[in-house]
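Here the structure is laid out as structure tokens; the discussion comes afterwards.
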Amino acid sequence: MCAASARAGDRERYARVFAACDEDSKGYLSREDFKVAVVMLFGYKPSKVEVNSVMASLQQKNSGVLLEEFLNLMTTKKSAQLYHSEIRQIFTAFDMQCRGFLTLEDFKKAFDSIAPKLPKRIIIEAFREVDQDSDGHISFKEFESAMNYGQDEVSPLHFA
């Protein structure tokens with residue numbers, strides 16, 4: 001299945017969830033409707049901060065989230081979740097001992113396989129930069145922070 005077809009299928013699913021959550025067929029999702037829709041699509045209840053952020057960002061100042069806004073928000077949310085999943089997979093590949101953190105040796109081995117001519121001092125400098133608390137280990141949180149460095153915020157939704 002090509003990416004465009006998958007996105008179209010996702011949008012259809014989002015539209016079905018929108019319709020199911022649109023109490024009384026108002027044409028928009030209220031705060032509560034929106035929370036239920038996120039639970040149905042992503043399996044978690046959005047925080048008050050996340051819902052407030054979405055409601056504050058609406059194009060038209062109405063009582064809730066219109067269908068097109070909902071489709072765009074959910075498409076962005078899924079993209080962010082996929083990116084987070086990719087970061088987790090990269091971290092797991094680097095964590096060769098399955099300890100839940102990376103050591104300098106893990107870092108060196110990973111870079112040796114993907115950039116064998118990279119000078120060791122650069123790898124050591126990169127490790128020290130990513131190891132924010134200087135404990136000699138890179139946690140997933142530190143790794144994710146480094147991977148996201150310089151990324152622009154693409155949505156009012158916060159993705160945990």
Minimum heavy-atom distance between Y44 and V38, given as atom pair plus value: O-CG1, 3.6 Å
Intermediate values then yes/no, ring-ring contact (aromatic ring centres under 6.0 Å, His included), H137 and F107: CA-CA 10 Å; H137 300 106; F107 220 61; over 10 Å; no
Partner set under side-chain contact (heavy atoms from CB on, under 4.5 Å) for R13, not counting sequence neighbours: R16, L41
S113 side, atom OG; K108 side, atom NZ - distance, nearest 0.5 Å: 14.5 Å
Inter-residue atom distance Q97.CD - L102.CG, 0.5 Å rounding: 11.0 Å
Pairing residues for Q89 by the side-chain contact (heavy atoms from CB on, under 4.5 Å) criterion, not counting sequence neighbours: S85
Donor-acceptor under 3.5 Å (N72 side chain, E69 main chain): no
Single-linkage hydrophobic cluster V36~V17, side-chain heavy atoms < 4.5 angstrom: yes
Linked, directly or transitively: M96 and F127 (ILVMFWY side chains, under 4.5 Å): no
Shortest non-hydrogen separation from L66 to G27 and the atoms involved: CD2-O, 3.6 Å
Spacing of L73 atom CG and S57 atom OG [to the nearest 0.5 Å]: 6.0 Å
Contacts of Q132 that satisfy side-chain contact (heavy atoms from CB on, under 4.5 Å) - sequence neighbours left out: E142, S145
Taking every non-hydrogen atom, the tightest pair across Y14 and F70: O-CE2, 3.3 Å
Shared hydrophobic cluster, F42 / F34 (ILVMFWY, side-chain heavy atoms < 4.5 Å): yes
Path from L104 to I114 over hydrophobic side-chain contacts below 4.5 Å: yes
K77 with E50: basic N within carboxylate O range, under 4.0 Å: yes
Test ring-ring contact (aromatic ring centres under 6.0 Å, His included) applied to F143 - qualifying residues, sequence neighbours left out: F91, F94
Intermediate values then yes/no, side chain to side chain contact (heavy atoms under 4.5 Å, CB included), C21 and M40: CA-CA 9 Å; C21 293; M40 288 175 70; 3.5 Å; yes
Shortest non-hydrogen contact between A37 and L29, atoms and distance: CB-CD1, 4.1 Å
Nearest heavy atoms of M55 and S30, plus distance in Å: CE-C, 3.8 Å
side-chain contact (heavy atoms from CB on, under 4.5 Å) partners for L118, two or more places apart: F111, A115, I122, I123
Heavy-atom side-chain contact between N52 and R31 under 4.5 Å: yes
Pairwise side chain to side chain donor-acceptor pair (under 3.5 Å) hits with a residue in residues 18-27, at least two apart: D22-K26, K26-D33
Sequence neighbours excluded - salt bridge (Lys or Arg N to Asp or Glu O under 4.0 Å) pairs with any residue from residues 131-141: none
Qualifying side chain to side chain donor-acceptor pair (under 3.5 Å) pairs with a residue from residues 117-127, counting only residues at least two apart or across chains: D112-K120
Side-chain donor or acceptor of T75 paired with backbone N/O of L71 under 3.5 Å: yes
Summary of salt bridge (Lys or Arg N to Asp or Glu O under 4.0 Å) pairs that have at least one residue in residues 79-88, sequence neighbours excluded: none
Between CG on residue L67 and CZ on residue R11, distance to nearest 0.5 Å: 8.0 Å
Rounded distance (nearest 0.5 Å) linking atom CD of E144 with atom CE of M147: 9.5 Å
